[in-house]
Amino acid sequence: MTLRIENLAVDLGQFKLKDINLTLETGDFFALMGPTGAGKSVLLEALVGLVPQSTGEIYIDERRISNLPPEERGIGIVYQDYALFPHLSVLGNIRYGLRFQSRAKSGRSNAENMAVVDDLIPLLGLGHLLHRYPTTLSGGEQQRVALARALVVKPDILLLDEPLSALDPNFRQELRTHLKNLHAASGATFLMVTHDFSEALSLAQHAAIMASGRLEQSGTIEDIFRRPQTAVVADFVGMKNLFKVEFSDTKAFCEAVEFRVSRGPEPGSGYIAIRPEDLILSKSPLASSLQNSFSGKVSAVRSHGFFYEIDLTVKSLTFTAVITNHAFFDLEPAIDSNFFLSFKATAVHQF
């Protein structure tokens, strides 16, 4: 089913969602990303009917659902804290949603509903847990029960609110695999809220970035990751080298530093961003076709286990580069040591 959101606004007093326009195609796995407090969870609750909208419309295919109660919208939701009922067994939690779904509305008999339950239990590996209670389950097990409870009613759209954030890293890959399998098996349209870009890269086909109650950018995961359209999006996807510049022809100027860019934007103010992994550090100038090359001093060195972040100060600007452990031991970048920083004009993103 296609989910279409048109000019949606929500007014919660101090916080507002404004002019949300978004379309999720049938069977899509869509990631909604952004920093904490961006309004991601508020949007989910508006879609499911738990938060009143001020203006705008919500459609599933051509069916307008904006005025329907939550149980009639055909949208399931799985919360970050799972919201399982502690007094019900695993099987009781899974079956819970069926009591609110009459045969007239779902078109399914009790036997057909039970068949759905029977299909979900092995798919999510819950067969040995059916008679246990939520307080005896691990975080990963509780998440799988919550997914089964949401999917048992066969929703047209499934909303996932930070589904992996509360899990130990060891369980996250396991749950990612379950989510991929569920998405493929169910045929439902998934909308997942996350602030972890790596989760979106591994699971989603399309995504949108939210900030301060507005959508900043939407499109394919690759477009957002490779071609951010605003400074907010560039910062969120890890383009740590973000500078406000003045454009002139195929050059960009920031304070005393002149950059070569791949195309000539309109003259005037704007931003450029360069990914840390696109910067090349060297002890001497490189004889290459790289159009941007600067000398500077190392101002910070940070180890991240499998890689290092190196800050290099060029005049009044600080750049952050990422290098491998092998490159680090070859280069030995010490604080205040002199290095050259080089990158292609095509590595400079402009907006």
Side-chain angles (χ1 to χ4, degrees), residues 1-10 17-34 38-51 53 55-68 70-80 146-147 150-151 153-165 176 178-211 213-229 233 236-237:
M1 296 286 186
T2 298
L3 174 66
R4 193 168 80 253
I5 308 164
E6 296 182 352
N7 302 314
L8 183 71
V10 173
L17 293 184
K18 302 172 279 288
D19 302 322
I20 305 296
N21 288 277
L22 199 60
T23 298
L24 280 65
E25 298 297 339
T26 300
D28 199 359
F29 199 129
F30 197 99
L32 183 63
M33 298 178 286
K40 305 182 297 295
S41 295
V42 173
L43 178 55
L44 291 198
E45 293 186 330
L47 294 177
V48 84
L50 299 176
V51 169
Q53 61 197 68
T55 59
E57 300 292 351
I58 306 167
Y59 296 89
I60 294 181
D61 285 346
E62 297 307 314
R63 182 170 69 102
R64 178 174 171 268
I65 66 168
S66 314
N67 59 335
L68 297 179
E71 65 272 15
E72 295 181 17
R73 294 194 175 201
I75 298 179
I77 187 167
V78 177
Y79 284 103
Q80 180 180 349
L147 285 167
L151 286 166
V153 297
K154 290 205 152 186
D156 300 320
I157 312 291
L158 182 63
L159 310 180
L160 303 162
D161 191 3
E162 302 267 13
L164 308 179
S165 64
R176 285 178 184 175
H178 280 301
L179 283 174
K180 283 185 177 180
N181 293 339
L182 280 170
H183 180 248
S186 69
T189 302
F190 280 25
L191 173 57
M192 177 183 71
V193 159
T194 181
H195 62 268
D196 186 334
F197 202 82
S198 65
E199 285 179 8
L201 284 170
S202 67
L203 290 169
Q205 299 148 334
H206 297 89
I209 307 290
M210 284 191 75
R214 292 185 181 274
L215 286 180
E216 291 280 330
Q217 184 176 343
S218 63
T220 67
I221 286 285
E222 183 179 357
D223 275 342
I224 290 174
F225 185 70
R226 296 290 182 189
R227 291 173 283 277
Q229 295 174 358
V233 176
F236 185 80
V237 301

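Along the sequence shown, residues are numbered consecutively beginning with 1.
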| query | Do Val237 and Met33 pass the side chain to side chain contact (heavy atoms under 4.5 Å, CB included) test, and can you show the C-alpha distance, the side-chain angles, and the key distance before you say yes or no? | reply | CA-CA 10 Å; Val237 301; Met33 298 178 286; 6.0 Å; no
| query | How many angstroms lie between NE2 in His206 and CD1 in Ile221, if you round to the nearest 0.5 Å? | reply | 9.0 Å
| query | Is the side chain of Lys40 donor-acceptor paired with the backbone N or O of Gly34 at a distance under 3.5 Å, no angle test? | reply | yes
| remark: Closest non-hydrogen atoms of Ala150 and Pro155, given as atom of the first, atom of the second and distance, are O-CD, 3.4 Å
| Can you check whether Asn21 reaches Leu215 side chain to side chain, under 4.5 Å on heavy atoms? | no
| said: With a 4.5 Å cut-off on side-chain heavy atoms, are Tyr79 and Glu45 touching? | reply: yes
| request: Could you please spell out the steps behind the side chain to side chain contact (heavy atoms under 4.5 Å, CB included) verdict for Asp156 and Arg63? | output: CA-CA 12 Å; Asp156 300 320; Arg63 182 170 69 102; 4.0 Å; yes
| By salt bridge (Lys or Arg N to Asp or Glu O under 4.0 Å), which residues pair with Asp19, not counting sequence neighbours? | Arg214
| task | Search all heavy atoms of Met192 against all heavy atoms of Phe29 and return the closest pair with its distance. | result | CB-CE2, 3.9 Å
| said: My understanding is that only one of Thr194, Leu191, Leu159, Ile209 makes a side chain to side chain contact (heavy atoms under 4.5 Å, CB included) with Leu32; could you say which? | reply: Leu191
| field | Flag, side chain of Asp28 to backbone of Thr189, donor-acceptor distance under 3.5 Å | value | no
| message | So Glu216 and Gln229, do their side chains get closer than 4.5 Å, heavy atoms only? | response | no
| field | Heavy-atom pair with the smallest gap, counting every atom of Leu179 and Phe190 | value | O-CE2, 4.1 Å
| task | Check whether any side-chain N or O of Gln217 sits under 3.5 Å from a backbone N or O of Arg227 as a donor-acceptor pair, and report yes or no. | result | yes
| Should the pair Phe197 and Phe236 be assigned to parallel (<30°), tilted (30 to 60°) or perpendicular (>60°) ring geometry? | perpendicular
| Do Leu158 and Ser186 pass the side chain to side chain contact (heavy atoms under 4.5 Å, CB included) test, and can you show the C-alpha distance, the side-chain angles, and the key distance before you say yes or no? | CA-CA 10 Å; Leu158 182 63; Ser186 69; over 6 Å; no
| message | Does Arg226 have more than 12 heavy atoms from other residues, nucleotides or ligands lying within 6.0 Å of its CZ? | response | no
| note | Scanning both residues in full, the closest heavy-atom pair of Gly213 with Ile20 reads O-CD1, 3.8 Å
| query | So do the side chains of Gln53 and Leu17 get within less than 4.5 Å of each other, counting heavy atoms only? | reply | no
| side chain to side chain contact (heavy atoms under 4.5 Å, CB included) evaluation trace for Val48 with Arg73 | CA-CA 7 Å; Val48 84; Arg73 294 194 175 201; 5.7 Å; no
| note | Taken to the nearest 0.5 Å, the spacing of Glu62 CD from Arg4 CZ works out to 5.0 Å
| request: Look up atom CD1 in Ile157 and atom CG in Leu47, then write down how far apart they are to the nearest 0.5 Å. | output: 9.0 Å
| field | Non-hydrogen atoms of Ala46 and Leu8 that approach each other most closely | value | CB-CD2, 4.3 Å
| message | Between Ser66 and Ile58 (side chain of the first, backbone of the second, donor and acceptor by atom type, cut-off under 3.5 Å), is there such a pair? | response | yes
| message | Please find the pair of heavy atoms, one from Ala207 and one from Ile224, that lie closest to each other, and give the distance. | response | O-CD1, 3.2 Å
| query | Can you tell me if Lys180 uses its side chain to pair, donor with acceptor, with the backbone of Ser202 under 3.5 Å? | reply | yes
